[in-house]
Amino acid sequence: MGGEMGKIFTLVEHRRGQIHDISFELLTKGRDLAAQLNSEVVALVLGHGTEEVVERVKGEAHQVLWVKGESLKEPNAEAYQIVLSHILKEYNPFLTLIGHTALGMDLAPPLAASLDIPLATDCVGIELEDKRVITIRQPYNGKLNARVSFADAPAFMITLRQGSFPSEEGNLTGKVVDIPSPLEKEPDYRRFVEYIEAAVGEVDITQADVIIAVGRGIKEKENLALLEDLADSLGGVLACSRPIVDEGWLSKDRQVGSSGKTVKPKLYMAIGISGAFQHITGMKNADTIVAINKDPNAPIFNVAHYGIVDDLFKVVPVLKKKILELKG
Ligand SMILES: Cc1cc2nc3c(=O)[nH]c(=O)nc-3n(C[C@H](O)[C@H](O)[C@H](O)COP(=O)(O)OP(=O)(O)OC[C@H]3O[C@@H](n4cnc5c(N)ncnc54)[C@H](O)[C@@H]3O)c2cc1C
């Protein structure tokens with residue numbers, strides 16, 4: 001195995017003091033791989049005024065490399081590339097994990113090229129086979145799961161799609177190593193200008209008290225009307241699992257889950273949703289969760305406070321009638 005002691009480096013992405021969820025997913029996966037390699041996971045934090053970020057990730061890694069510098073105040077792929085290129089050359093980790101985010105997509109290819117190491121992008125899985133790194137990618141719009149192995153090299157870089165792994169709380173006590181930034185000022189040819197907030201859609205599901213969430217069990221777009229009625233009767237809003245967005249039946253701002261929104265309503269009804277962990281991540285903290293699914297073994301029942309095992313097309317009309325009766 002190449003790379004210094006087989007260490008796993010993970011980039012901690014943060015913006016305005018907020019750590020991107022993917023960073024915890026990478027650190028969780030990094031710990032898992034490090035355990036298999038009998039090695040360590042190292043968190044890379046670049047920035048200015050990032051004491052709280054470092055404090056938060058200390059428990060997630062064996063070591064935190066903290067690169068401080070005013071030129072790193074805002075995430076800038078160009079500045080990150082210059083700095084990381086220095087650090088990775090010096091430390092020579094076996095594997096570097098970066099989120100497949102806007103920043104990661106921009107950063108990883110030139111960084112891997114500058115280090116002359118192989119890169120696999122947009123991966124949804126990593127496996128070690130006899131210390132050989134295998135990644136899982138989903139080409140053709142997710143229709144295939146392709147196992148990709150690297151040409152032999154001393155080190156590798158991987159970008160991972162958000163929501164590919166659950167994130168678990170670490171219980172390490174990472175040693176923090178201060179590193180002054182080798183970059184004095186942001187590169188002239190690429191500077192941070194300003195933050196522009198994304199426009200909020202017509203409905204902001206994160207603010208709703210009652211959410212009726214629909215999944216692939218609804219079968220056809222026309223059947224959404226049934227659930228819209230139920231949502232209206234409860235004064236709630238319609239949300240969905242990812243396949244409903246992929247089909248184009250509801251807009252992306254209605255998607256709940258790791259690559260969608262995180263919601264915490266008073267009532268969350270999951271109807272015809274199996275309960276994949278990517279979905280659960282976005283709704284598990286709702287006050288009351290009611291699931292309707294015809295499969296008694298659907299994982300959604302593991303997080304539901306109330307469950308109805310039956311055909312949604314039978315249950316929903318009865319439920320709606322009852323609600324209207326109670327409302328008089
Ligand atoms: C990187 C990545 C990110 C992802 N991000 C997200 C995300 O943000 N949000 C998300 O939701 N998913 C996400 N996914 C997809 C996720 O893995 C699941 O594929 C998805 O959540 C499944 O959606 P579903 O439960 O609607 O469909 P299915 O898993 O197909 O489940 C349909 C359910 O409906 C039930 N059903 C069928 N007919 C009926 C009926 N007549 N009455 C009652 N029940 C019925 C079935 O028993 C089944 O449990 C992501 C995947 C990846 C790889």
Side-chain angles (χ1 to χ4, degrees), residues 20-22 24-26 28-29 97-101 104-105 120-126 135-147 158-167 205-206 211-224 226-227 230 238-263 268-286 289-304 306-320:
H20 199 305
D21 288 346
I22 188 128
F24 295 108
E25 296 168 16
L26 297 183
T28 304
K29 189 66 194 171
L97 306 180
I98 295 176
H100 195 74
T101 56
M105 277 185 253
T121 57
D122 197 15
C123 299
V124 296
I126 310 177
T135 68
I136 317 291
R137 301 184 77 243
Q138 295 189 318
Y140 306 112
N141 224 357
K143 290 195 174 59
L144 287 182
N145 265 357
R147 289 166 60 77
I158 297 174
T159 69
L160 284 154
R161 197 186 296 177
Q162 180 166 3
S164 302
F165 308 106
S167 65
I205 59 169
T206 63
I211 292 181
I212 308 299
V214 51
R216 193 144 43 188
I218 194 71
K219 303 217 165 38
E220 285 173 17
K221 186 179 183 192
E222 288 60 43
N223 296 332
L224 282 178
L226 184 70
L227 298 192
L230 180 66
L238 208 54
C240 62
S241 63
R242 178 155 145 178
I244 303 299
V245 175
D246 292 345
E247 290 288 350
W249 296 350
L250 285 174
S251 56
K252 178 81 181 163
D253 54 3
R254 305 265 184 161
Q255 182 187 318
V256 173
S258 55
S259 54
K261 300 262 169 75
T262 300
V263 295
Y268 189 90
M269 292 189 75
I271 304 181
I273 292 179
S274 59
F277 78 79
Q278 292 96 345
H279 187 82
I280 305 264
T281 302
M283 44 67 76
K284 61 176 189 274
N285 292 324
I289 300 170
V290 179
I292 305 173
N293 197 305
K294 64 179 185 186
D295 174 6
N297 296 318
I300 192 74
F301 290 124
N302 297 335
V303 291
Y306 301 94
I308 303 171
V309 180
D310 210 335
D311 185 337
L312 72 91
F313 296 103
K314 262 170 48 195
V315 177
V316 172
V318 176
L319 206 58
K320 198 190 107 190

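FYI, the numbering just counts along the sequence from 1. Note that ligands are numbered from 1 as they come in the structure, with each ligand's atoms numbered from 1 the same way.
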Practice prompt. Specify the protein heavy atom at minimum distance from atom 34 (O) of ligand 1: its residue, its atom name, and the distance to 0.1 Å.
Written response: Gly272 O, 3.1 Å
Worksheet item: To which of Glu25, Arg242, Lys219 does the heavy atom nearest atom 10 (C) of ligand 1 belong?
Response: Arg242
Discussion item. Does any part of the side chain of Gln162, heavy atoms only, come nearer than 4.5 Å to the side chain of Asp21, both counted from C-beta?
Written reply: yes
Fill in: Short side-chain to backbone donor-acceptor contact, Arg137 and Ala120, under 3.5 Å
no
Practice prompt. Specify the protein heavy atom at minimum distance from atom 27 (O) of ligand 1: its residue, its atom name, and the distance to 0.1 Å.
Written response: Arg216 CB, 3.4 Å
Discussion item. With a 4.0 Å cut-off on heavy atoms, is Asp310 in contact with ligand 1?
Written reply: yes
Worksheet item: With a cut-off of 4.0 Å, which atoms of ligand 1 are near a heavy atom of Ala276?
Response: 16 (C), 17 (O), 18 (C), 21 (O)
Item to complete: Answer yes or no: does atom OH of Tyr306 have more than 12 heavy-atom neighbours from other residues, nucleotides or ligands under 6.0 Å?
Response: no
Fill in: Residue pair Leu160 / Glu25, side-chain heavy-atom distance below 4.5 Å
no
Worksheet item: Between Asp310 and Ile292, is there a donor-acceptor pair closer than 3.5 Å when you use the side chain of the first and the backbone of the second?
Response: no
Worksheet item: Considering Cys123, Ser274, Ser241, Ala291, which one's heavy-atom position lies nearest to atom 29 (O) of ligand 1?
Response: Ser274
Item to complete: Test Val316 against every option in Leu230, Ile308, Asp311 by the side chain to side chain contact (heavy atoms under 4.5 Å, CB included) rule and name the one that passes.
Response: Leu230
Discussion item. Between ligand 1 and Pro243, can you find any atom pair, the residue atom being a heavy atom, that is separated by under 4.0 Å?
Written reply: yes
Practice prompt. Just jot down the ligand 1 atoms closer than 4.0 angstrom to any heavy atom of Gly260, in number order.
Written response: 8 (O)
Item to complete: Give yes if a backbone or side-chain nitrogen or oxygen of Val256 is under 3.5 Å from a nitrogen or oxygen of ligand 1, and no if not.
Response: yes
Worksheet item: What do you reckon, does Gln162 have a nitrogen or oxygen under 3.5 Å from a nitrogen or oxygen of ligand 1?
Response: no
Discussion item. Quick check: do Ile205 and Asp253 have side-chain heavy atoms less than 4.5 Å from each other?
Written reply: no
Worksheet item: Under 3.5 Å, N or O to N or O, is Gln138 touching ligand 1 that way?
Response: no
Worksheet item: Is there any N or O on Asp311 that sits under 3.5 Å from an N or O of ligand 1?
Response: yes
Worksheet item: Where is the nearest protein heavy atom to atom 14 (N) of ligand 1: which residue, which atom, and how far?
Response: Gln278 CB, 3.7 Å
Worksheet, complete the sentence: If we number the atoms of ligand 1 from 1 as shown, the ones under 4.0 Å from a heavy atom of Gln255 are 6 (C), 7 (C), 8 (O), 9 (N)
Discussion item. Under a 4.0 angstrom heavy-atom cut-off, which atoms of ligand 1 come close to Gly215?
Written reply: 26 (O)
Worksheet, complete the sentence: shortest atom 42 (N) of ligand 1-to-protein heavy-atom contact is with Leu312 N, 2.8 Å
Worksheet item: Nearest protein heavy atom to atom 49 (O) of ligand 1, by residue and atom, and its distance?
Response: Asn293 ND2, 2.9 Å
Worksheet item: Would you say the side-chain atoms of Ser164 pair up with the backbone N or O of Gly125, donor to acceptor, closer than 3.5 Å?
Response: no
Practice prompt. Considering the heavy atoms of Phe313, write down every atom of ligand 1 situated less than 4.0 Å from one of them.
Written response: 41 (N)
Item to complete: Give the residue and atom name of whichever protein heavy atom lies nearest to atom 37 (C) of ligand 1, and the separation in Å to one decimal.
Response: Gly217 CA, 3.4 Å
Worksheet item: With atoms numbered from 1 as shown, which atoms in ligand 1 lie under 4.0 angstrom from a non-hydrogen atom of Ser259?
Response: 3 (C), 4 (C), 5 (N), 6 (C), 7 (C), 8 (O)
Worksheet entry | Side-chain (His100) to main-chain (Arg161) donor-acceptor, under 3.5 angstrom | no
